[in-house]
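Here's the structure, in structure tokens; my notes come after.
What you see is a predicted model; the values in this text were computed from it and never measured.
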Amino acid sequence: MIYSLRKKLIWICGASITAVFVIIFVLICAFAANQLDSAMDGITDMISENGGTLPDFKEEPPIPAEKKAFPDFFPKESRLNVSFFTVHFDPDGEASRANMDFASSVPAETAQEYAEEALSGGKERGWLEGYRYKVYDTDSGQSVVFADGNMNRMVSGMILLSVGSVLIGSLVVILVLIVVFSKRAVRPIAESYEKQKQFITDANHELKTPLTLIMANLDILQAELGENEWLEDIRAERERMNALVRQLVALTQMDEDENQIPAEPFPISETISDVASEFKALAEKKGLSLYTYIQQDIEYVGNEASIRRLVSILLDNAVKYCDPAGEIRLMLSRKRKLVITVENSCADVGKMELDRLFD
């Protein structure tokens, strides 16, 4: 149980931190993409507003901060290194001319194909083969300006790769720390759980002795006094206490990973019929009707003692909480899966603690 708890703690913490890191990286990527688009849009806006070419930076008027395509520390001379080209179209949609002075590496035919593809897309801005483009209207028709964003995208990709590497490294370190310190975190729970198990084990041993003495004394009294109603009641309560002690021990074992309940084939139809016959007399004594609908000749691979105990607990509760002169139904059927059903009438079901029904 403690090992399982530690695994869940590691899994939950690891999954939560991984999700946070992924969200952070996605937000950084989205922010970087938005910043890159804004910077390239500033360049295309500058070119489109200057008739399809760069303005003369020697007599550059003051530019509002929100329209600046370059940071203030970016030298004006190096701005001329921006690679771009502009393709102009006449009112009939035919390419009329192209300004290729600042994009010598791009053939005019390729530039015209890019421009026609950008126009057919129906968008004002976008990316095409590493170029950020803008479609704008002029007095003689439409024009498309393309600014080379390959270098900017490469730099942005390298930065994102570095950020991603740092995040992955940090995640690995955090996961290692979680694994290392998780043992210390669950140690108080493990100690408390072990003490609880030890207490139940000790109580089991301590209770067995008086229960054995009670049974021995009952046998002596019954031999001297014969059958007696009160002695039978004492015997029944002793058996009940003995069953409770066994259940306490079973509870301490059920969460242990190494505790494997032996499973083997057995006739479950006969097992459940036997359990039902044991409760028929008790149900009739309380004025209840116990009906069984058991499909015969069903084989099941499992632990017969556990199944018998399970059905006994369900029937015992059904007898306890059934209405006076009520009905109890026990059903066993197999279609795709094996189904065991125990039903009883209970008018006061709304007053019960239903959230603890199967504790």
Side-chain angles (χ1 to χ4, degrees), residues 25-164:
F25 185 70
V26 170
L27 291 176
I28 291 174
C29 291
F31 180 76
N34 181 67
Q35 290 295 100
L36 177 61
D37 290 349
S38 298
M40 297 305 299
D41 288 343
I43 297 175
T44 56
D45 287 343
M46 181 189 302
I47 297 171
S48 64
E49 291 171 2
N50 196 55
T53 187
L54 282 173
D56 186 359
F57 291 112
K58 294 181 180 180
E59 298 180 0
E60 180 183 344
I63 301 175
E66 64 272 10
K67 290 189 176 182
K68 285 186 178 181
F70 303 93
D72 290 332
F73 59 81
F74 203 90
K76 292 184 178 181
E77 292 78 5
S78 60
R79 302 179 192 183
L80 298 175
N81 294 327
V82 176
S83 176
F84 72 94
F85 59 90
T86 308
V87 180
H88 302 277
F89 292 84
D90 58 27
D92 296 329
E94 297 293 331
S96 57
R97 60 189 176 88
N99 182 357
M100 308 297 297
D101 296 341
F102 294 90
S104 57
S105 62
V106 181
E109 296 80 6
T110 303
Q112 182 176 335
E113 291 176 2
Y114 287 175
E116 290 173 351
E117 185 175 346
L119 282 177
S120 64
K123 296 181 180 180
E124 180 186 2
R125 302 178 190 270
W127 286 94
L128 188 61
E129 302 295 335
Y131 287 88
R132 184 70 174 175
Y133 70 83
K134 177 186 178 182
V135 180
Y136 62 98
D137 296 324
T138 64
D139 295 337
S140 58
Q142 286 186 308
S143 298
V144 185
V145 58
F146 289 84
D148 189 357
N150 286 292
M151 180 62 70
N152 292 339
R153 294 178 80 174
M154 184 180 69
V155 172
S156 179
M158 292 175 63
I159 294 174
L160 290 177
L161 180 62
S162 301
V163 171

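- Listed here is the closest heavy atom pair of Ile43 and Ala147: CG2-CB, 4.0 Å.
- When all heavy atoms are compared, the tightest approach of Tyr114 to Leu128 is O-CD2, 3.4 Å.
- One N or O on the side chain of Ser162 and one on the backbone of Met158 form a donor-acceptor pair closer than 3.5 Å.
- Between Gly52 and Phe84, the shortest heavy-atom contact is O-CE1, 3.6 Å.
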**Prompt:** What do the steps show when you test Phe89 against Leu119 for side-chain contact (heavy atoms from CB on, under 4.5 Å), and what is the final call?
**Reply:** CA-CA 10 Å; Phe89 292 84; Leu119 282 177; 3.5 Å; yes
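- Ser156 places no side-chain N or O within 3.5 Å of a backbone atom of Asn152 that could act as its donor or acceptor partner.
- Remark: side-chain polar atoms of Thr44 are not paired, donor with acceptor, to backbone N or O of Lys134 under 3.5 angstrom.
- Heavy-atom minimum distance, Ala111 versus Val106: N-CG1, 4.1 Å.
- Residues Leu160 and Ala32 approach most closely at CD2-CB, 4.1 Å, considering heavy atoms.
- One distance of note links CG of Asn99 with CZ of Phe146; it measures 13.5 Å at 0.5 Å rounding.
- Nearest approach of Thr138 to Ser143, heavy atoms of both residues: CG2-OG, 3.5 Å.
- For residues 119-132, the set of pairs meeting the salt bridge (charged side-chain N to carboxylate O under 4.0 Å, His left out) definition, not counting sequence neighbours, comprises Asp37-Arg132, Asp41-Arg125, Asp41-Arg132, Asp45-Arg125.
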**Asked** Taking it one step at a time, do Met151 and Met154 satisfy side-chain contact (heavy atoms from CB on, under 4.5 Å)?
**Response** CA-CA 5 Å; Met151 180 62 70; Met154 184 180 69; 3.4 Å; yes
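- Side-chain N or O atoms of Asp139 include none that pairs as donor or acceptor with a backbone N or O of Gly141 at under 3.5 Å.
- We find the OG-CG distance between Ser48 and Asp137 to be 10.5 Å, quoted to the nearest 0.5 Å.
- Asp148 places a side-chain N or O within donor-acceptor distance of the main-chain N or O of Asn150, the cut-off being under 3.5 Å.
- When the ring pair (Phe, Tyr, Trp, His ring centres under 6.0 Å) test is applied to Tyr131, the partners found at least two apart in sequence or on another chain are Phe85.
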**Message:** Walk me through whether Met40 and Trp127 qualify under side-chain contact (heavy atoms from CB on, under 4.5 Å).
**Reply:** CA-CA 10 Å; Met40 297 305 299; Trp127 286 94; 3.8 Å; yes
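- Here Thr86 pairs with nothing under the side-chain hydrogen bond (donor to acceptor under 3.5 Å, both in side chains) rule; sequence neighbours left out.
- A donor and an acceptor atom, one from each side chain of His88 and Ser96, are nowhere located under 3.5 Å apart.
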